Number of protein chains: 4
Amino acid sequence: MEKREVHASVKDERLVEKRRTQMIKGAVTLFKEKGFHRTTTREIAKAAGFSIGTLYEYIRTKEDVLYLVCDFIYDEVQEKLQKEIEQSDGTLESLKLTIAYFYQVMDDMQDEVLVMYQEVKALTKDALPYVLNKEIQMVGMFEKVITKCVENGELLLTENQISLVSHNIFVQGQMWSFRRWALHKKYTLQEYVELQTQLLIQNVSIQKTTLI
Amino acid sequence: MEKREVHASVKDERLVEKRRTQMIKGAVTLFKEKGFHRTTTREIAKAAGFSIGTLYEYIRTKEDVLYLVCDFIYDEVQEKLQKEIEQSDGTLESLKLTIAYFYQVMDDMQDEVLVMYQEVKALTKDALPYVLNKEIQMVGMFEKVITKCVENGELLLTENQISLVSHNIFVQGQMWSFRRWALHKKYTLQEYVELQTQLLIQNVSIQKTTLI
Amino acid sequence: MEKREVHASVKDERLVEKRRTQMIKGAVTLFKEKGFHRTTTREIAKAAGFSIGTLYEYIRTKEDVLYLVCDFIYDEVQEKLQKEIEQSDGTLESLKLTIAYFYQVMDDMQDEVLVMYQEVKALTKDALPYVLNKEIQMVGMFEKVITKCVENGELLLTENQISLVSHNIFVQGQMWSFRRWALHKKYTLQEYVELQTQLLIQNVSIQKTTLI
Amino acid sequence: MEKREVHASVKDERLVEKRRTQMIKGAVTLFKEKGFHRTTTREIAKAAGFSIGTLYEYIRTKEDVLYLVCDFIYDEVQEKLQKEIEQSDGTLESLKLTIAYFYQVMDDMQDEVLVMYQEVKALTKDALPYVLNKEIQMVGMFEKVITKCVENGELLLTENQISLVSHNIFVQGQMWSFRRWALHKKYTLQEYVELQTQLLIQNVSIQKTTLI
DNA sequence: AATGAATGAGAGTTCATTCAT
DNA sequence: CATGAATGAACTCTCATTCAT
């Protein structure tokens with residue numbers, strides 16, 4: 001699925017890139033604080049460091065900002081994850097590392113994740129498919145790694161199970177952000193990763209020792 | 001934690017109850033469709049079947065509606081769950097039934113769950129604690145059932161694990177609503193319950209047979 | 001000029017009288033506190049000790065309340081003044097007493113005077129003439145007393161002067177209410193009366209001693 | 001006492017000044033006609049010649065308009081009076097001229113005076129002290145002029161009397177506006193000035209001739 | 001390319017008034 | 001006669017968007 005183009009009046013691509021980066025950075029902070037709907041375009045412009053007039057040289061509507069923010073966050077997460085996943089070799093150990101890495105990214109990008117998670121529904125109908133597609137892609141990445149493990153004989157899972165486990169991993173990564181009020185009190189990131197990994201993987205692995 | 005009172009100008013408690021039910025019902029439909037922020041008070045009044053003036057006889061601000069909706073949904077879910085959980089006897093079978101029942105409730109109340117899940121963050125700061133407390137209570141209910149199983153020797157879990165598993169169950173219940181675009185395509189509710197239960201419980205149970 | 005009739009649905013004249021007295025009393029307190037426009041009909045009803053529905057059994061519009069309040073205050077002041085004035089015998093001494101008495105009434109009815117003075121302009125166009133007429137009557141009362149003094153040879157004033165002095169006396173009586181923030185700090189009522197009387201009367205009196 | 005700043009979103013000070021002048025002019029006309037409470041913000045905007053949105057670029061609340069109006073009128077009156085008073089040389093003649101000039105200003109600004117006089121009480125609690133202070137200042141100006149006359153031996157008045165006479169002058173100036181329904185029928189401005197001056201000054205002056 | 005003043009549709013909320021009980 | 005729930009017109013204020021400079 002191709003990227004939705006956000007119209008800019010300004011021609012200089014370099015400048016567009018630069019301004020949008022400023023914009024996204026400012027917007028994330030604001031959205032985290034007060035949510036998309038309670039944030040005004042003026043505030044976004046100000047946080048980005050330019051005037052309201054200038055803001056509208058780089059977007060068409062306020063929702064474009066939200067789209068750009070979501071798009072940016074997905075890309076960021078996906079890019080990071082991609083690199084990690086390419087290194088995965090189908091061993092249980094590498095799967096664990098991938099998951100740990102993903103949770104670490106979720107922790108690093110807590111604010112962004114929270115914003116995205118809470119505000120996607122505010123996207124217009126025509127931006128939604130693109131965004132859902134992104135989610136599918138990301139879940140797909142986990143599916144790929146897990147499938148490798150299964151093919152490798154390290155895990156015993158049906159296709160349906162693979163898919164659901166992937167969803168679970170993904171959502172539990174987000175959970176670290178959106179239920180931080182409960183989880184951060186009880187666990188450090190390390191503990192959280194450790195526990196979730198135990199619950200998710202160890203138990204679905206082919207238990208060699210017990211089988212003997 | 002005591003309930004936050006929402007002020008009503010109308011004295012007749014019966015009537016207040018009745019009107020608020022109408023209001024909540026209408027509001028849920030609208031919030032599901034367009035979200036809290038895009039729904040106007042006039043639309044809420046109309047959906048509830050009375051005039052804008054009447055609406056404001058039963059609430060003080062628009063956010064009161066959101067609070068009432070959230071409060072109602074929590075109570076509904078909790079009440080249903082409570083009954084089920086009281087019957088649980090600490091066997092694995094009854095735990096499975098409890099989870100299945102919870103997922104069924106989540107399915108029955110899909111719209112409500114989605115709304116609540118997406119709009120809680122729109123609540124005013126002073127309503128949030130009450131709502132988070134509700135979540136803690138509900139997670140606590142699962143903790144209780146699971147603890148029973150552990151004490152019964154049916155499961156082998158540390159306290160930390162019990163807590164996390166409870167969070168997972170709860171979130172995976174909501175998942176069925178908020179990721180329905182992905183999950184409902186792949187699984188029926190029965191399959192979803194079956195799969196999640198397998199992943200969650202069977203693997204953490206004390207595997208009697210394999211231990212022999 | 002005849003009294004403007006305020007319509008009441010209730011027939012029992014006694015009751016109407018009673019209810020309106022309650023109403024006026026409550027309204028004065030409220031109007032003093034927050035002004036006519038910021039006072040709601042509900043508040044008036046409550047302060048009067050009955051329901052909003054009952055309030056509207058005794059008036060037709062909110063402005064009727066204001067009219068009744070103004071009418072009541074004028075009547076009260078006028079009645080008191082009338083008695084005093086009838087006793088006036090055209091001596092300077094009795095004029096002074098009349099003025100002192102008037103200022104005393106203004107002091108006793110501070111709240112009412114303030115309300116009336118500040119809210120008359122809120123009266124509907126068709127109530128205004130009646131109210132202005134009341135003012136003319138009251139000024140006229142002073143004119144009469146002063147004229148007596150002039151005829152008695154106690155004062156030397158033209159008709160124009162008599163009229164203006166009467167206005168001055170009247171306004172200076174109100175002043176004691178509406179400039180209380182300044183005057184009450186500096187003077188007691190006695191001092192105020194003394195000083196104003198000096199300035200007003202002594203100096204326009206036929207100065208027998210100095211003429212000798 | 002420093003001026004209360006009324007917030008404007010617009011930066012250009014010149015423009016703010018200009019727009020506010022338009023606003024005040026329009027508002028005075030409307031307030032005179034229907035009073036502050038019966039005038040809507042839209043009407044004010046329209047009378048000022050711009051949209052409701054623009055109005056709110058220059059004020060924060062409707063009450064700001066009232067404050068600006070009052071502030072403007074006080075400043076206007078005070079400025080005019082200041083110039084006149086500086087020229088006063090302590091002779092009775094110059095005092096008379098000052099008073100005459102003040103009454104002339106009150107006549108020129110009839111509408112404004114009426115508005116201010118009738119609507120000050122509608123100001124928010126936090127604007128009131130500033131406004132009362134203005135009144136004190138203006139009364140103070142008269143006190144100064146009269147004191148000069150006393151020091152000059154032209155008048156024989158105690159301090160208390162000076163203060164009260166100043167209040168009287170001030171209120172009688174306003175009277176010309178707020179009792180115009182009675183006074184304008186009977187007197188021309190000249191006559192009014194003449195009569196009030198006689199009553200106020202001639203009689204408190206040291207009557208040289210009669211003392212001989 | 002950047003600015004920010006201007007716009008006005010539309011939002012939340014209030015409250016005088018009515019009328020069935 | 002008394003009540004108070006219901007009504008909706010009207011109000012203040014906000015804010016996404018435009019466009020002349």
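Proteins come first, then strands; the chains are lettered A, B, ... in the order of their sequence lines, and each starts at number 1. If you're wondering where the values come from, they're calculated on a predicted model, not measured in any experiment.
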So which atom in [X] and which in [Y] form the shortest heavy-atom distance, rounded to 0.1 Å?
X: B:F31; Y: B:V69; result: CE1-CG2, 4.2 Å
X: C:A47; Y: C:G26; result: CB-CA, 3.9 Å
X: A:K62; Y: A:T39; result: NZ-O, 2.8 Å
X: C:G35; Y: C:E119; result: CA-OE2, 3.2 Å

Between [X] and [Y], does any side-chain N to carboxylate O distance fall below 4.0 Å?
X: C:K34; Y: C:E43; result: yes
X: A:E63; Y: B:R38; result: yes
X: D:D75; Y: D:K3; result: yes
X: B:D111; Y: B:K25; result: no

Has [X] got a side-chain N or O lying under 4.0 Å from the OP1 or OP2 atom of [N]?
X: C:Y58; N: F:dC1; result: no
X: A:T41; N: F:dC15; result: no
X: C:R19; N: F:dC1; result: no
X: D:R60; N: F:dT12; result: no
X: B:Y56; N: E:dT14; result: no

Starting from [atom2] on [N], measure out to [atom1] on [X] and report it in whole angstrom.
X: A:E43; N: F:dC15; atom1: CD; atom2: P; result: 8 Å
X: B:R14; N: F:dA5; atom1: CZ; atom2: C1'; result: 17 Å
X: C:E57; N: E:dC19; atom1: CD; atom2: P; result: 12 Å
X: B:I59; N: F:dA5; atom1: CD1; atom2: P; result: 16 Å
X: D:R20; N: E:dA5; atom1: CZ; atom2: P; result: 13 Å
X: C:I44; N: F:dT3; atom1: CD1; atom2: P; result: 16 Å
X: B:D12; N: E:dT21; atom1: CG; atom2: P; result: 14 Å
X: D:L66; N: F:dT12; atom1: CG; atom2: P; result: 13 Å

>> With a 6.0 Å cut-off (strictly less than), is the heavy-atom count around CD of B:E17, excluding the residue itself, greater than 12?
In response: no
>> Can you see whether C:Y117 has D:K121 sitting over its ring - NZ or CZ less than 6.0 Å from the centre and within 45° of the normal?
In response: no
> Among residues 46-55 of chain B, which contact DNA chain F at a heavy-atom distance under 4.0 Å?
Replying inline: B:F50, B:S51, B:I52, B:G53, B:T54
> Which ranges of DNA chain E pair up as stems, where a stem means three or more consecutive Watson-Crick or G-U pairs with both distances under 3.5 Å?
Replying inline: E:2-21 with F:2-21
> Taking the nucleotide of DNA chain E with the closest heavy atom to each, which residue, D:L15 or B:K62, is nearer the 5' end?
Replying inline: D:L15
Scan [X] against the nucleic acid and name what it touches under 4.0 Å (heavy atoms): base, sugar-phosphate only, or nothing.
X: C:T61; result: sugar-phosphate
X: C:T40; result: sugar-phosphate
X: C:K11; result: sugar-phosphate

> Taking atom types as they are modelled, is there a donor-acceptor pair under 3.5 Å from the base of E:dG10 to the side chain of B:R38?
Replying inline: no
> Donor-acceptor pair under 3.5 Å: do we get one between C:R42's side chain and the base of E:dT14?
Replying inline: no
> Relative to the 5' end of DNA chain F, which residue comes earlier, B:V10 or D:E63, by the nucleotide with the nearest heavy atom?
Replying inline: B:V10
